[in-house]
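Since the structure comes first, as structure tokens, the remarks are kept for the end.
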Amino acid sequence: MTLTLKGIAASPGIAIAPVFHLASERFIPTEQSVQDSVQEIETFRRAVASTREEVEAIRAKTEERLGADKAEIFEGHLMILEDPDFIEAIEQKIAEESIDAQFALHEISKHFIDLLQSMADELLRGRAVDIEDVSGRIMSHLRGVPHTDLANLSEECIIVARNLTPSDTAQLNLNFVRGFVTEIGSRTSHSAIMARSLEIPAIVGIGQAVHDMKEQAVIIVDAAEGIVLIEPTEEELAAYQEKKQKDDLRRAELSKLKDKLTLSKDGKQVELAANIGSLEDIQRAIDNGAEGIGLFRTEFLYMGRSSLPTEEEQFTSYKYALEKMNSKPVVIRTLDIGGDKELPYMELPKESNPFLGQRALRLCLDRQDLFRTQLRALLRASRYGNLKIMFPMIAVLEELLEAKKLLEEEKQKLIAEGVQLAEHIEIGMMVEIPAAAVAADLFAPEVDFFSIGTNDLIQYTMAADRMNETVSYLYQPWHPSLLRLISFVIQAAEKEGKWVGMCGEMAGDHTAIPLLLGLGLHEFSMSAGSILQARELIGQLDQSEWSVHANQALTMRSTQEITQFVERTRNGVIHHD
Amino acid sequence: MISKTYTIINPTGFHVRPTKTFVQTANTFPCKISVIAKGKKVNGKSSLSMLTLGIAMNEEVTLEIDGEQEEQALETLGQLLTEIHE
């Protein structure tokens with residue numbers, strides 16, 4: 001009978017192959033006393049030197065195969081091999097206790113591994129793996145047993161292990177390794193990151209059950225679902241073979257679109273950008289072919305800490321994002337706090353209607369100290385890339401004008417201080433309050449762009465709390481009222497020659513995209529993983545045709561009518577001549 | 001011996017990359033370099049020991065330097081502690 005195990009999908013794809021168990025039982029030496037500790041230290045130093053040569057070679061190979069940034073991890077290994085507190089502590093232990101090198105190495109590495117594993121920070125805990133990796137290698141040299149060399153595999157397999165060390169992952173022979181499954185690990189562990197860049201399907205953190213998989217038995221790794229199927233039936237195998245073939249084709253097709261422009265079938269160009277909520281998300285955006293950052297949520301800089309971030313800290317983060325995106329547009333939204341997002345250290349008064357209360361820009365205009373700090377940091381970072389500043393939660397024109405005034409004041413102060421700024425910084429606003437959408441023509445002359453924030457716009461338009469299940473039926477992105485608002489905002493912007501983007505779930509939704517394209521939306525900002533599929537979809541749509549369809553949708557009476565219409569039209573049932 | 005206290009501004013704290021830069025620089029000085037944070041004192045020339053301090057953003061870190069070129073080392077390394085970022 002098939003046994004299905006669930007884990008964390010670390011790298012997408014499907015793999016079907018026999019199990020290869022990577023011996024993960026680490027060798028634990030027993031203490032031996034030695035007569036000549038000077039000679040024992042010599043033996044240890046030779047093992048370290050051989051290890052260094054080996055790591056150097058892996059580093060070079062990784063750099064060639066995966067690039068300098070992936071190879072950097074091995075520079076970390078080389079540093080461990082030169083670390084005085086590590087190496088000298090081992091030598092000292094050998095000398096002082098007259099014990100053998102193997103045991104001294106084991107004890108000292110254990111000390112550092114335990115210290116790092118007890119850290120709260122996941123990234124630091126991850127460093128313990130590096131020490132295991134390096135000391136395992138030195139140990140092999142001391143024992144004269146060769147390190148399991150994954151480069152020498154000669155038959156296709158799925159690697160199953162307790163954990164894969166960075167050097168294991170770097171050496172995987174891609175001609176034969178179809179995927180891997182590990183007992184421990186997280187989405188951010190080194191092996192997971194490596195698996196994604198090697199594009200090997202991988203599932204981590206599956207637990208003790210890895211030991212139950214029989215060597216050489218064929219298993220199925222379905223990393224889309226995060227599952228491993230052990231002892232699959234013939235039917236399952238056949239079904240997955242087919243699924244895998246389709247999946248491979250699809251991935252190959254999509255990856256071709258990574259560095260392409262986003263063009264509709266009739267050649268109309270739009271921009272696909274990513275929404276990000278942390279600096280780590282930037283790499284994912286780049287990997288998924290984002291043409292920019294359409295929404296940089298700055299809240300993460302303010303959350304999970306005990307005081308407000310300084311101007312310098314913010315500057316550092318903004319500059320990093322701008323440089324990393326390499327002159328592609330980066331829309332940074334000023335602080336959007338309040339509502340359901342609280343900052344304990346600010347001790348904001350409890351409100352009976354937080355979503356209708358003093359949140360986002362309303363709060364910033366009241367607490368100008370913190371707003372000005374953020375504006376200064378943004379302005380200072382502006383010269384490091386293509387920055388666009390966006391104000392959230394604007395209901396009336398006065399709020400926008402006040403925000404712009406404060407920005408201009410900080411700009412003038414910085415110029416007087418001799419700080420170099422970007423020549424031009426586009427200023428935009430979120431359209432998420434119906435009042436702003438309905439009056440978009442009044443706002444358009446005052447901004448460079450709009451970005452429609454659909455999550456809040458839907459909630460406010462329908463007057464329905466999106467967290468409240470009893471009214472969730474009113475959360476209808478394709479309702480005619482929403483489409484009309486969106487259409488009006490785009491038209492108002494176009495009259496002034498301004499561009500309109502959308503950030504929110506709707507921008508990445510395959511039912512909404514044809515309509516939004518038809519309505520003339522210029523930029524779609526979504527989670528990074530949706531970008532390539534959206535680019536593919538847009539390539540199949542004729543913008544001029546969809547502008548006719550969209551106008552027709554605007555006359556319909558319900559969400560249901562509109563979604564069915566979109567479905568039928570996409571499937572080619574309806575044709576307009 | 002001289003010492004001075006700094007505040008870390010790097011948003012991700014004092015992680016692998018900043019530590020690497022710090023330790024490499026520390027190793028170019030002949031003097032003894034100690035880093036003190038959260039009441040723990042470690043060798044500033046050892047990246048492993050530095051990492052086990054788990055220095056996060058906004059934390060205070062004291063440099064204690066003793067020996068030849070101590071002033072120059074304090075200036076260079078102090079600057080790294082406050083300016084370094086990933």
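The structure presented is a predicted model; accordingly, all values stated were derived computationally and were not measured.
For a heavy-atom cut-off of 4.5 Å, chain A lies close to B:K40 in residues 27-42 of chain B. The interface of residues 60-78 of chain B with chain A, defined by heavy-atom distances below 4.5 Å, is empty. Residues from residues 77-87 of chain A that place a non-hydrogen atom less than 4.5 Å from a non-hydrogen atom of chain B comprise A:M79, A:I80, A:D83, A:P84, A:D85, A:F86, given in numerical order.
A:S307 touches chain B through its side chain: at least one heavy atom from C-beta onward sits under 4.5 Å away, while N, CA, C and O do not. Contact of A:E72 with chain B is made through the side chain alone, with heavy-atom distances under 4.5 Å. Only the side chain of A:E75 comes within less than 4.5 Å of a heavy atom in chain B; its backbone stays farther off. Contacts between B:L53 and chain A at a heavy-atom distance below 4.5 Å involve the backbone alone (N, CA, C, O).
When all heavy atoms are compared, the tightest approach of A:R127 to B:L51 is CG-CD1, 4.1 Å.
Rounding to the nearest 0.5 Å places CG of B:L48 at 7.0 Å from CG of A:L116.
Listed by chain and residue number, nothing satisfies the ring pair (Phe, Tyr, Trp, His ring centres under 6.0 Å) test with A:F44 (two or more places apart in sequence, or in another chain).
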